[in-house]
Structure formats: structure tokens, C-alpha cells
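Basis for what follows: all heavy atoms, side chains included, without hydrogens, waters or symmetry-related copies.
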Amino acid sequence: MAELNLDEFSRGLVADVQATADAEGTTTPETFTRQVFEDLEQAGIVSNTFTAYHKAHGHEVHGYGIGESGESLDLFVTDFHLVPLETKLSKAHTETFFRRLLTFAARCRDGLQQHIDESFDVYDMCAAVEKALTEVQRIRLFLLSNRVGTFTEVPASDLDGLPVTHEVWDLARLHRHATSGSLGEPIVVPFSPPLPCVAAPSSEEDHSVALAVIPGQMLAELYAEYGARLLELNVRSFLQTRGSVNRGIRETLLHAPGRFLAYNNGITATASQVDFVKGPDGEPTHISGIHGLQIVNGGQTTASLHYALTRDKADLSDARVQMKLTEVAPDRLAEIVPKISEYSNTQNRVTQVDFSSNHDYHVEIQRITRSLWAPAADGSGQETHWFYERARGQYTDELAKARTPARQRQFKKLNPTKKKFTKADLAKFVHSWHRLPYLVSRGAQKNFVEFMLRIEEAPPRVDLQYCQRVIAMAILFKTVDRIAAIHGAGSHKSMITTYTVARLSLATDRRIDLDRIWRDQSVTPVLESAIHDLCPRVMRTVTTPLEGNHVGEWAKKVACWDAVSTVPWTMPRALSTELLDNPLDEAVLSGGTGTESGAAEETALIPADEWYAIERWAKETRALEPWQRQLAQFVGRRLELEQEVPEVQAVQALHARNEALRLGFNPAP
């Protein structure tokens with residue numbers, strides 16, 4: 001596989017950061033920080049990240065994050081240079097950056113927020129860090145740099161007894177990450193002493209299987225260190241303790257850990273390489289190390305062990321877990337691993353959505369967009385592609401295949417970096433349009449998982465028109481993002497953008513002409529003016545939490561969308577004249593083949609009382625969107641009056657009911 005060398009990658013990275021910063025009116029360090037955040041979130045390395053720059057005597061910070069399970073505090077400092085290859089990131093520089101970052105944490109502990117104006121982004125960060133320091137079990141410090149580091153293995157330290165680890169993401173590591181073609185760096189696990197195993201010979205050369213029993217304590221610690229990376233995008237990675245299986249796991253771990261092996265089905269894992277210790281006869285007897293470890297079944301077992309250890313302080317010394325480990329040839333991972341995941345799950349079914357790069361939906365979008373020419377919008381007559389990066393590193397790989405500088409320039413001309421978008425971006429664009437901003441605000445990985453659940457539930461017809469309209473959503477989203485920056489959204493820009501798009505979608509009843517946006521490759525001046533008017537109103541609501549949380553937590557709640565959806569805003573008359581007479585075909589945009597029939601009949605088979613019960617349940621739990629609650633009431637009323645439910649509303653109502661059932665609604669017997 002052709003790869004860009006470090007020098008080419010560095011130049012491309014700087015050019016991309018500069019172009020994005022110019023377009024969005026932000027600084028290059030902030031843009032670089034956000035881009036790395038997005039990559040690390042998609043890789044499952046970090047979550048809930050926010051940019052916020054603060055520098056004073058002795059400390060400096062560019063952002064923070066709270067780990068997926070709320071057990072780690074992540075702090076970030078950025079070192080960005082326009083000519084990064086002229087100097088190295090030395091050991092002295094690295095130690096200084098980490099020292100300043102840790103000093104910031106110590107000063108937050110001592111009440112730094114009291115000395116900062118509440119209207120600044122930094123106030124939110126200091127408040128969140130101070131609170132997190134009383135709750136988390138470890139601190140992770142990240143140095144993000146586009147220079148090559150000479151000292152990347154920094155020893156662990158501590159702050160008031162909290163363990164502190166250090167991660168250097170320098171140019172070389174970012175390059176490896178971008179060109180690896182996988183979600184993250186392979187997880188390598190050594191076993192000392194080696195783990196006894198039984199190896200089963202296979203007639204197939206592309207894989208082999210070993211059975212082992214792994215200590216529960218070790219599995220819990222692996223989850224603590226790697227979190228979602230250990231499970232990739234495993235939709236069922238942890239379903240909290242609501243399901244009977246999880247409650248059973250917890251009870252066993254607390255009261256009878258020695259019986260865990262007998263009661264639990266164990267885990268199914270895959271690896272790209274397994275190091276064996278062999279006996280006198282040459283047969284494997286022990287596992288000394290695993291490379292590229294992934295748990296493809298048993299996510300909730302793994303996470304439950306972790307929570308029992310950390311939250312319940314359970315003694316796991318007697319807990320053992322059965323492990324079926326399949327070593328898969330690296331070139332067959334994409335083909336075999338999804339099948340192992342799909343066929344082996346016996347607790348909560350995991351489907352190929354968990355390894356979604358090869359999902360038919362994404363494959364089809366890539367196929368169409370690669371041959372889809374976007375109209376020239378700059379008067380040059382040069383049509384271009386919107387490059388859909390179905391799997392990590394595809395853009396970089398395609399660029400590297402254009403071996404000469406002239407061909408690479410031509411590739412970039414036809415596939416501009418500003419028109420590259422990933423699976424996570426796609427989920428963000430579509431969910432914002434479909435008024436799910438609280439999901440988008442939960443981070444790239446969580447939002448993407450929810451997006452794929454909806455795709456599985458109601459697969460859309462992916463055709464030329466679908467792709468054009470999705471790209472139109474991307475253009476709308478990017479326009480709002482730029483406008484949010486103009487209005488001073490700062491570190492809250494990502495949340496304000498998705499909420500503004502959702503509020504605009506609600507106000508216009510999705511009658512914005514996406515086909516026109518595609519043809520023009522831009523929004524109309526009238527729509528842009530309306531966004532300028534709406535955005536500050538949304539921003540005030542998003543940045544003024546009603547429930548005592550900081551902005552980042554508030555934006556993840558349905559209650560935030562309830563508040564934003566009622567923000568007073570009168571649509572400009574000029575915009576109303578541009579809108580379509582009817583909403584765009586929802587069957588095309590959000591699921592279904594566009595040829596469904598019978599939804600109305602299926603809806604009528606469900607009693608009106610159940611629709612009313614869904615509406616009451618959703619109101620109490622705030623688990624559904626406001627429009628879904630209203631729709632449930634509407635359907636119940638129509639059925640009560642013995643009136644037919646229109647097909648479009650019926651499709652949406654059935655979707656809302658399925659969502660309610662998935663989230664815990666229990667229909668009366």
C-alpha cells in the first residue's frame with residue numbers, strides 16, 4: 001500500500017489546518033487541536049472533549065475531556081508550528097509542556113475558576129476540571145504536536161495520589177495513526193506469567209483458535225486502560241445494569257466471584273498476532289502476548305467487571321473469564337472478524353454494524369460519491385468530488401498512490417481536503433438535520449453508534465439523490481459552523497452548530513431545498529442571513545444550562561433540545577418564500593426504500609391507549625424528541641376517532657415506537 005512519507009504528510013497537515021482556520025476564523029493551534037480531537041474520538045481513545053485555551057504564569061492548556069465512564073480526566077496541550085520539520089520536539093520541551101499542564105490541574109483543584117470571568121469558555125473548563133478531580137480515578141495528560149518528538153515515553157506521575165499518565169501524539173504518531181487504515185493503534189497485551197491455553201488446530205491457513213481462562217482483574221484493568229478501543233464500535237459494549245444479564249453479572253461478582261467462570265459465557269476475542277510458549281512436542285501450551293486485541297463478543301461482561309472493580313470495589317481475585325481467542329491473518333481481518341462477531345454473540349446480539357466500514361450502507365455511499373461530480377461553484381468550471389472516507393486513511397492512501405507531485409496536486413484539485421468527510425461526519429450531518437443534536441453532542445463515537453442503529457432499523461435507499469442531499473446537509477452544517485464561529489461560539493461551537501441546524505430544520509419543517517443547495521454548492525444569501533439571526537439565539541440557550549451542569553453535559557441532554565426547540569424565532573418572510581411546499585421525502589432521507597406500504601395498517605393494529613402511554617412515558621422520561629411525543633399523541637387521537645393515519649406520519653410513528661421500546665418503554669399487557 002502506498003503511503004505518504006512524513007514530509008508529505010506534514011505539509012498536507014499544515015495546509016489543511018491553515019485552510020480550515022482561515023475558513024472558520026479560528027487560530028491554527030485551535031484548529032489543529034480540534035482535528036486531533038476528532039481523530040482520537042473516532043478511535044475511541046478519548047471522549048467528551050472540548051477545546052478551551054488558557055495560559056498564565058506556570059500553566060497552559062488547550063482543552064480537556066472526561067473519559068467515557070467518567071473515571072479519567074484528560075487534559076491537552078498543543079504544540080503547533082507552521083514549519084514543523086525545522087526543529088524537533090525535545091525532551092526538555094516535552095517535560096515543560098506536561099509540567100505546565102499538571103500545574104493547571106493543581107490550580108483548578110485550588111479554585112482557579114474563582115479568578116475567571118463566568119462568560120469565558122475557560123470558566124467552564126476550570127469548573128469541570130475541579131469537579132472531575134474529586135470523582136475520577138486517574139488523569140491522562142496529552143501533548144499534541146506536529147513536530148517529531150525525541151522523547152515520547154514519559155514516566156507516570158501523580159497528583160494528590162491520583163495516577164497521572166502522559167501521552168505524546170507527535171507528528172510521527174499522528175502519521176502512523178492516519179495511515180494505519182484502522183481505528184487506532186493496535187492493543188498489545190503481554191502475559192507474565194504466560195496464560196495457559198488449549199490451541200485447536202485449523203484446516204484454514206487464515207486463522208487459528210485458542211481457548212484460555214483470563215483473570216477477571218486483568219480484563220477489568222484492560223478496559224480501564226483502553227475503554228472503547230478494546231471493543232471498537234461495539235454497539236452493545238455496555239448496556240449499563242438495566243438488563244437482567246448485567247444485573248446477574250454484578251451480583252455474581254459481588255457475592256460469588258469464584259462461580260463467575262461457571263455462570264458466564266465468557267468473551268470472544270480476535271488478534272492479529274498471538275505469541276505462544278510451546279511445549280516439548282512443539283504444541284502451544286501458553287499465551288505470552290497478544291497483538292491487536294479486540295473483544296468482539298462479551299463487551300458487557302468486560303465492562304461489568306471494570307465497573308464492579310472500580311465502582312463497587314469488588315474483589316476480583318477469584319473471578320475467571322473464559323476466552324475464545326482467534327488469531328486472524330491481518331489481510332483477512334475485515335472479512336472474518338465481522339462474521340465472528342455476528343455468529344458468536346449469545347447475550348446481546350452484535351451485528352456487522354459494529355464493524356461498520358464494510359456495512360452495505362457505507363460501501364454504497366462510497367461507490368456513488370467516488371463517481372459523483374459536484375457542480376463548480378467558483379466560476380472555474382472545474383467540477384470536484386466530495387470524498388467519502390469510508391475507512392480510516394483512504395484519502396491519504398489515494399493521495400499517496402498519485403506518486404508524483406503533479407499527480408498529487410491534481411488529486412487534491414479534484415478531491416479538495418475541505419470536501420473530505422468521514423462516517424462520523426456523515427452521522428453528524430444527518431442527525432443534526434433530523435433534530436437529534438443531543439446525540440451529536442455526545443461525541444463522534446456515541447453519535448455514530450446511534451446513527452447505525454437507525455440505519456439497521458430502517459435502511460435508506462442509497463442512490464444518487466440520497467448522496468446529493470446528504471452532501472447538501474454537509475454544506476448546510478459547514479455554513480452554520482462558520483457562522484457560529486463568527487458569533488463567538490468558541491469551544492462550544494460544535495454543540496451550537498448542531499443545535500442551530502436542528503432548530504432551523506424544526507422551524508422550516510425540513511422544507512429547505514437541499515437539492516438547490518447541492519446544485520449551488522452553497523446556501524442562498526437569504527438562508528445565510530436567517531442563520532446569522534438564529535444562531536445567537538440558540539447559542540444563548542445552549543450556553544445557559546438549566547440543570548446545573550456545565551455546557552458540555554447540558555448539551556447532551558434531551559432537555560437541552562426541549563429548551564432550544566422552543567427558542568422564539570420568527571422565520572424571515574424572504575426565507576419562507578424559498579422553502580419547498582412540502583417536506584422532502586423522509587423515506588428517502590431517513591430510512592426505508594421509498595416504496596413502503598402498510599405502515600398505516602400496522603399503526604392501526606396498535607391500540608390508541610398504547611400511543612397515549614408512549615406519549616406520557618416520553619414526557620416523564622424525556623427519552624424521545626418533542627415532535628415524537630406529539631406524533632404519538634396525534635396517532636392515538638386519530639385512532640380514537642377511527643381516522644386513518646397518513647402513511648408518512650405512520651412510518652415516523654412506528655420508528656418512534658421502536659425507539660421507545662428500545663429505550664425501556666413497556667407497553668401495558
Looking at Glu659 and Arg454, is there a salt bridge between them, counting it only when a charged N and a carboxylate O are closer than 4.0 Å?
yes
Where the side chain of Glu41 meets the backbone of Thr49, is there a donor-acceptor pair that is under 3.5 Å apart?
yes
Quick check: are there more than 12 heavy atoms from other residues, nucleotides or ligands sitting under 6.0 Å from CZ of Arg370?
yes
Does a side-chain heavy-atom distance below 4.5 Å link Phe191 with Ile287?
yes
Applying ring-ring contact (aromatic ring centres under 6.0 Å, His included) to Phe76 and Phe37, what does each step give before you reach the verdict?
CA-CA 10 Å; Phe76 304 85; Phe37 278 4; 4.5 Å; yes
Hey, does the side chain of Glu327 reach the backbone of Val274 with a donor-acceptor pair shorter than 3.5 angstrom?
yes
Output yes when a side-chain donor or acceptor of Ser288 lies under 3.5 Å from a complementary backbone atom of Asp275, and no otherwise.
yes
May I ask you to decide if Thr422's main-chain N or O and Asp425's side chain share a donor-acceptor pair within less than 3.5 Å?
yes
Any His431 side-chain heavy atom under 4.5 Å of Tyr438 side chain:
no
Would you call Lys557 and Glu553 a salt bridge, using N to O less than 4.0 angstrom?
no
Can you say whether the rings of His306 and Tyr223 are parallel (under 30°), tilted (30 to 60°) or perpendicular (over 60°)?
tilted
For the pair Phe421 and Phe429, name the ring-plane relationship: parallel under 30°, tilted 30 to 60°, perpendicular over 60°.
tilted
Validation row: Ile267, Val321 side chains within 4.5 angstrom (heavy atoms)
yes
Determine, step by step, whether Ile290 and Val188 satisfy the side chain to side chain contact (heavy atoms under 4.5 Å, CB included) criterion, reporting the C-alpha distance in whole Å, the side-chain angles of both residues, the deciding distance to 0.1 Å, and the verdict.
CA-CA 6 Å; Ile290 299 176; Val188 179; over 6 Å; no
Over all atoms of both residues, closest heavy-atom pair of His286 and Cys197:
N-SG, 3.8 Å
Using modelled atom types only, decide if a donor and an acceptor are shared between the side chain of Ser304 and the backbone of Arg250 within a distance under 3.5 Å.
no
Min side-chain heavy-atom separation Phe142-Val46 under 4.5 Å
yes
Does the distance from a Lys or Arg side-chain N to an Asp or Glu carboxylate O, for Arg173 and Asp170, drop under 4.0 Å?
no
Under 3.5 Å, is there a donor-acceptor pair between the His359 and Glu456 side chains?
yes
Is Arg622 reaching over with its side chain to a backbone N or O of Val558, donor-acceptor style, under 3.5 angstrom?
no
Quick check against the 3.5 Å criterion: does Thr285 have a side-chain atom that pairs as donor or acceptor with the backbone of Val277?
yes
Smallest heavy-atom separation, Pro460 atom then Tyr361 atom, equals CG-CE1, 3.5 Å
Carboxylate-amine/guanidinium contact Lys446 Glu450, below 4.0 Å:
no
Give a yes or no on whether the backbone of Ser317 and the side-chain of Asp315 come within a donor-acceptor separation of less than 3.5 Å.
yes
Donor-acceptor contact present, side-chain Gln366 to main-chain Tyr388, <3.5 Å
no
Which heavy-atom pair separates Val440 from Asn447 by the least distance, and what is that distance?
N-OD1, 3.4 Å
Any side-chain heavy-atom pair of Val213 and Pro196 under 4.5 Å:
no
If we ignore hydrogens and angles and just use 3.5 Å, is the side chain of Thr152 paired with the main-chain N or O of Gly149 as donor and acceptor?
no
Given Arg138 and Thr165, is the side chain to side chain contact (heavy atoms under 4.5 Å, CB included) satisfied, shown in steps?
CA-CA 8 Å; Arg138 66 184 183 278; Thr165 58; 5.8 Å; no
Which of parallel (below 30°), tilted (30 to 60°) and perpendicular (above 60°) describes Phe451 and Phe448?
tilted
